[in-house]
Each structure stands twice: as C-alpha cells, then as structure tokens.
Amino acid sequence: MNTMVRQITILGSTGSIGESTLDVIARHPDRFQVIALTAHNNVEKMLAQCQRFKPRYAVMLDAVSAEQLALKIAASGLSTEILSGVESLEKVAALPEVDAVMAAIVGAAGIRPTFAAAQAGKLVLLANKETLVMAGRIFMDLVKQHHAVLLPIDSEHNAIYQSLPVDFNGDFQRSGISKILLTASGGPFRRTPLSALENVTPEQACAHPNWDMGKKISVDSATMMNKGLEVIEAHWLFNAPAEKIQVVIHPQSVIHSMVAYIDGSIIAQLGNPDMRTPIAHAMGYPERIGSGVADLDIFKVAHLDFEEPNFDRFVCLRLAYDALKAGKNMPTILNAANEVAVESFLNRQMKFTDIPAMIEYALQNTSHKSIITLDDVLETDRETREVAKEWLQKSHSQPQRRLNYSSL
Ligand code: NAD
Ligand code: MG
C-alpha cells in the first residue's frame, strides 16, 4: 500500500462529512491525492480547500458560484479547473484517474453523481444514504454489474460491516447471523414530553447531543427518520430483511451497531462518536490508518444504556419500516417527502410534528409504481415533491388539520 496513492474525488467536500474526509486525508499526504472537490455554492470554503489540497478539478453545482470561484482561483495562481452543473459532478465521479469517490452530497441531489461513480467501477465510499433509500435495488445491481466496491461511511453501517464475517455474501443463514442491532442515540427529544414536540424550533432540533452534522441529517436524527432511512440502507447493503433489523436506542452513541449470531454472540464496534473513524476505516481499507480520533476512554463512559424505540414518539421510524415492507416506490416517496418536510420545517413553514404528517400524506397520495430504472426513481421523486407541497398549501388553508397531527 505504501507504493500506491489512492486518488480521490469528494462529492460534497464543504459539508460535515466532506470536511472530516479532508481532515483524514491531510494526516496521510503519502496515501491520498485529491483529484476533485465538489460543493453546492459555498465559494469561500471551496477556495480555501482548493488552496490547501490543490485538486485538479473543483465543481460548484451553481453556475454563478463557479464563475466567482474561477476568478478567485485565477487570482490566487492555482491551476484547478472550475466546472459547474450536475453533469460535471458526474464527470468528476467517473474520471479514469480516480480510484475512490466519497459520496457525501446530502439528499436526493447525490444520486446521479453516486450512480456515475458506481457505473465507472470506482471504490464508492457511501455517506449519501439517500441513494440507497431512493434506488436501493438499482444501485446495488449497478455496483455488481460494474465491479464497483461499496464501503459504508454511515457509522452504524460501517460498524455492521466491521462486525460481519469477512466472507459475508449477504446470506444470513450461511453466516449464522440472527439479527442486526442498529443503534440510535434517540436524538435531542428522547425524553421531551410529547405535548411539547409541536413547539420545537429548528435550532433545538439541530442541536444533537452526540454528533456534529449537517442540518438535514440533524433534523432527521431528531425525528428518527435518520434511523428509518438507515434501516432501509442496511436492508440493501447487507441483504437484511426488515424483521431482522432491530433498532436499539443507545443514548451514549458509543456502540455504533452490532451483529447478533445464532450461537448467542454479539459482535459490536465501539468508539467515540466522530465520523473520522468510519471515514478512515473505509478510506484506508483494507489497512487501518490513523483518523485523529481520540481513544475511547471506557472508564469515563462507564455505563451503556439500551432502550426499545417508541413508535408513537418516533412516527417517522414506523413510516420507514412500513415503506420498506411495502416496497415498490414507497421508500423513494418516503425520502422525497422527508426532504420537503425537513426543508419546510427549517424554513419555519411548518411545525416539527408536521414532518410525519406531511410524509404520511405523500405516501398515501403519490402514485404507487414499480421502480425499474433511474428515471422511474427521479419521476417518483418529482411527483412526491409536488404532493408534499400540496399538503403544505392545504394545511395553511385549514389550520385545524395541523392541530390534529400535532397531538401525535
Ligand atoms: P452537509 O449539509 O454538511 O453537506 C452537504 C454537502 O453537499 C455540502 O458540500 C454541499 O455543498 C453539498 N450539496 C448540498 N446540496 C447539493 C446539491 N443540490 N448538489 C450538489 N451538492 C450539494 O451534509 P452532511 O452532514 O455532510 O451529510 C452528507 C451525507 O452524509 C448525507 O447523505 C448524510 O445523510 C450522510 N451522513 C452524514 C453524517 C454526518 O455525521 N454528518 C453521518 C452519516 C451519514
Ligand atoms: Mg448514521
């Protein structure tokens, strides 16, 4: 490995996962070379990253941001080529010189470039769980067909990956696996009285007790939709039926998930809640490399607690299990409606308790179809967003309707 430099594209480099990835890369200049960085529209952060990591390409989704960046890059004497648009995201994910792609764009926007990386047979380091939720079967088939290698970055899935036998081939019976135990912190509202949830603000929802993350996933953690999306993610990554995935609330976030075997063994992965551990695991794979994460002080942790999730408190978790069991395009609808709901909540257009209400409405009112191609996925995504916005309009014209849901 010391003779091989892994050449990397980071999709979503200005985000929380993107920055943690660059932090790990900076610790190993002999192992990694950044070929391309991408972002939505944060020009200043991208400029600073380009100055430090000197990538060959930088892509801004937004064309105006790309123009601004290009001027600054030229002024600073760098030779980084600046591109824009979704096609350019796809291009840098599939460049022949790239070995590995960190897929860390948030939400459905990540699907096309992540697909491009799989199609080009790359080592895909997958943080963008939404790709698997929206298009699990198609994506897993694509990975297989193009001999891509998929490693999970999501801390739970990375922990499960580390706790599975090395020769695991998706057959629970053959490997003697009885269950996956998917841990969840329970978020900031684990103990909040149900009646107080409707007055929760975006600031409170984004203040996660253990993890420092982007806004969307922080709200998802507060509703536990994040865990719901992760149940679906685990289903596709590990070929796990819904009934073999048990969500466990573990408030300390020290055990990042576990695999239970038929002989009574449970194998777990533990560590401090810092995404640089799963990132370093996947980036260095199959070798272990330093991540900058402090050793876990088990004496300081002292206690590990576990609780069963309450589906009345965390309605989104129930909706996700239901969508997975219903199949077809239901998980795609779930994901798109959740994105609209989280955005509307963050923009203060609706209450925290309206999030599951909007999603449930979208699940019922969007056309139910089979998903065969990526276009089917994108069509369901588009239709769902319209249906979800229709709920918002209706709820504003009928305030009564929102009160009903707020008692969830
Ligand atoms: P973030 O909001 O901090 O960063 C998102 C990144 O995506 C930014 O670089 C942003 O510029 C880019 N982006 C946003 N919208 C875009 C668009 N329309 N087109 C192109 N690029 C766009 O998000 P994050 O917390 O880093 O999460 C990224 C992904 O990783 C998510 O799918 C999330 O579920 C997953 N994940 C995050 C964590 C975490 O600790 N943050 C943990 C597990 C999984
Ligand atoms: Mg996670």
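One-based numbering, in listed order, for ligands and for the atoms of each. For this chain, numbers begin at 1 and follow the sequence in order.
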Chemist: Is a salt bridge present between Lys216 and Glu343, judged by a nitrogen-to-oxygen distance below 4.0 Å?
Modeler: no
Chemist: Any salt bridge linking Glu97 with Arg56? Criterion: basic side-chain nitrogen under 4.0 Å from a carboxylate oxygen.
Modeler: yes
Chemist: Among protein heavy atoms, which sits nearest to atom 4 (O) of ligand 1, and what does the distance come to when rounded to 0.1 Å?
Modeler: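 In this structure, atom 4 (O) of ligand 1 has Gly15 CA, 3.1 Å as its nearest protein heavy atom.
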Chemist: Testing the basics here: between Ile25 and Met283, what is the closest heavy-atom pair and its distance to 0.1 Å?
Modeler: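 So the minimum-distance heavy-atom pair works out to CG1-CE, 3.4 Å.
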Chemist: Salt bridge or not between Arg174 and Asp167? Use side-chain N to carboxylate O under 4.0 Å.
Modeler: yes
Chemist: With ring centroids as reference points, do His157 and Tyr161 lie under 6.0 angstrom apart?
Modeler: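 No, the ring of His157 stays outside the 6.0 Å limit from the ring of Tyr161, centre to centre.
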Chemist: Is Glu243 atom CD crowded by more than 12 heavy atoms from other residues, nucleotides or ligands, each under 6.0 Å away?
Modeler: yes
Chemist: Tell me, which protein residue and heavy-atom name are nearest atom 25 (O) of ligand 1, and how many Å apart are they?
Modeler: Gly214 N, 3.0 Å
Chemist: Is Lys389 paired with Glu386 through a side-chain N to carboxylate O contact shorter than 4.0 Å?
Modeler: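 Judged by the 4.0 Å cut-off on N to carboxylate O distance, Glu386 and Lys389 do not form a salt bridge.
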Chemist: Would you say Met275 touches ligand 1, if touching means a heavy atom closer than 4.0 Å?
Modeler: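 True for this residue.
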Chemist: Would you indicate which of His40, Glu156, Glu19 comes nearest to atom 11 (O) of ligand 1 when only heavy atoms are counted?
Modeler: His40
Chemist: At the 4.0 Å heavy-atom cut-off, does Gly18 count as touching ligand 1?
Modeler: no
Chemist: If you have a sec, work out which protein heavy atom is nearest atom 26 (O) of ligand 1 and how many Å separate them, to one decimal?
Modeler: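 I find the closest protein heavy atom is Ile17 N, 2.9 Å.
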Chemist: Flag Trp211 as yes when one of its N or O atoms lies below 3.5 Å from any N or O atom of ligand 1, and as no otherwise.
Modeler: no
Chemist: Give the single entry among Ile217, Ile279, Ile105 that approaches atom 29 (C) of ligand 1 most closely by any heavy atom.
Modeler: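 Checking each option, the heavy atom nearest atom 29 (C) of ligand 1 is found in Ile105.
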Chemist: State the atoms of ligand 1, each with its element, that fall below the 4.0 Å cut-off from a heavy-atom position in Ala109.
Modeler: 17 (C), 18 (N), 19 (N)
Chemist: Are there more than 12 heavy atoms of other residues, nucleotides or ligands under 6.0 Å from atom CZ of Arg382?
Modeler: yes
Chemist: Where do Arg112 and Leu374 come nearest, in terms of heavy atoms and distance?
Modeler: CG-CD2, 4.4 Å
Chemist: Where does Leu61 meet ligand 1, judged by heavy-atom distances below 4.0 Å: at the side chain, the backbone, both, or neither?
Modeler: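 Near ligand 1, Leu61 shows its side chain, while the N, CA, C and O stay back.
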Chemist: Report yes if some N/O of Asn41 lies less than 3.5 Å from some N/O of ligand 1; otherwise report no.
Modeler: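 It does not: no N or O of Asn41 is found under 3.5 Å from an N or O of ligand 1.
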Chemist: Given Ala103, Gly12, Ser218, Gly110, which has its nearest heavy atom closest to atom 12 (C) of ligand 1?
Modeler: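 Nearest option to atom 12 (C) of ligand 1, by heavy atoms: Gly12.
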Chemist: Students should be able to answer this: which protein heavy-atom is nearest to atom 5 (C) of ligand 1, and at what distance?
Modeler: Val106 CG1, 3.7 Å
Chemist: Can a salt bridge be assigned to the pair Glu339 and Arg385 using a cut-off of 4.0 Å between side-chain N and carboxylate O?
Modeler: yes
Chemist: Angle subtended at the Mg ion (ligand 2) by OD1 of Asp154 and OE2 of Glu230, to 10 degrees?
Modeler: 90°
Chemist: Counting only heavy atoms closer than 4.0 Å, does ligand 1 sit against the backbone of Ala127, its side chain, both, or neither?
Modeler: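 Answer for Ala127: both.
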Chemist: Answer yes or no: is there an ion pair linking Asp99 with Lys122, defined by an N-O contact shorter than 4.0 Å?
Modeler: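 Here Asp99 does not pair with Lys122 in a salt bridge, since their nearest N and O are not under 4.0 Å apart.
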Chemist: At what distance is the nearest protein heavy atom to atom 3 (O) of ligand 1, and which residue and atom is it?
Modeler: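 Protein heavy atom at minimum distance: Ser16 N, 2.9 Å.
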Chemist: With heavy atoms of Ala39 as the reference, note each atom of ligand 1 found under 4.0 Å away.
Modeler: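 Ligand 1 atoms under the 4.0 Å threshold to Ala39: 11 (O).
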Chemist: Heavy-atom contacts with Asn128 under 4.0 Å: which atoms of ligand 1 show up? List them by number with element.
Modeler: 32 (O)
Chemist: Please state which part of Ser13 comes within less than 4.0 Å of ligand 1, counting heavy atoms only: side chain, backbone, both or neither.
Modeler: backbone
Chemist: Might you point out which heavy atoms bring Gln7 and Ile35 nearest each other, and give the distance in Å?
Modeler: OE1-CD1, 3.4 Å
Chemist: Just going by heavy-atom distances, which of Lys215, Glu130, Met213 is nearest to atom 40 (O) of ligand 1?
Modeler: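 Looking at heavy atoms only, Met213 sits closest to atom 40 (O) of ligand 1.
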Chemist: How far is atom 43 (C) of ligand 1 from its nearest protein heavy atom, and which residue and atom name does that atom have?
Modeler: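 Nearest neighbour among protein heavy atoms for atom 43 (C) of ligand 1, to 0.1 Å: Asp154 OD1, 3.0 Å.
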Chemist: List the closest protein heavy-atom neighbour of atom 28 (C) of ligand 1: residue, atom name, distance to the nearest 0.1 Å.
Modeler: Ala104 O, 3.4 Å
Chemist: Run the numbers on Asn158 and Ile153 for side chain to side chain contact (heavy atoms under 4.5 Å, CB included), then give the verdict.
Modeler: CA-CA 6 Å; Asn158 185 272; Ile153 294 298; 5.5 Å; no
Chemist: For Ile232 and Val133, work out which heavy atoms get closest and say how close.
Modeler: CG2-CA, 4.0 Å
Chemist: Around atom 9 (O) of ligand 1, find the nearest protein heavy atom and jot down its residue, atom name and distance.
Modeler: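 Residue, atom and distance for the closest contact: Thr14 OG1, 2.8 Å.
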Chemist: Suppose we only allow N, O or S atoms; which atom of Glu156 ends up nearest to the Mg ion (ligand 2)?
Modeler: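 Nearest N/O/S atom of Glu156: OE1.
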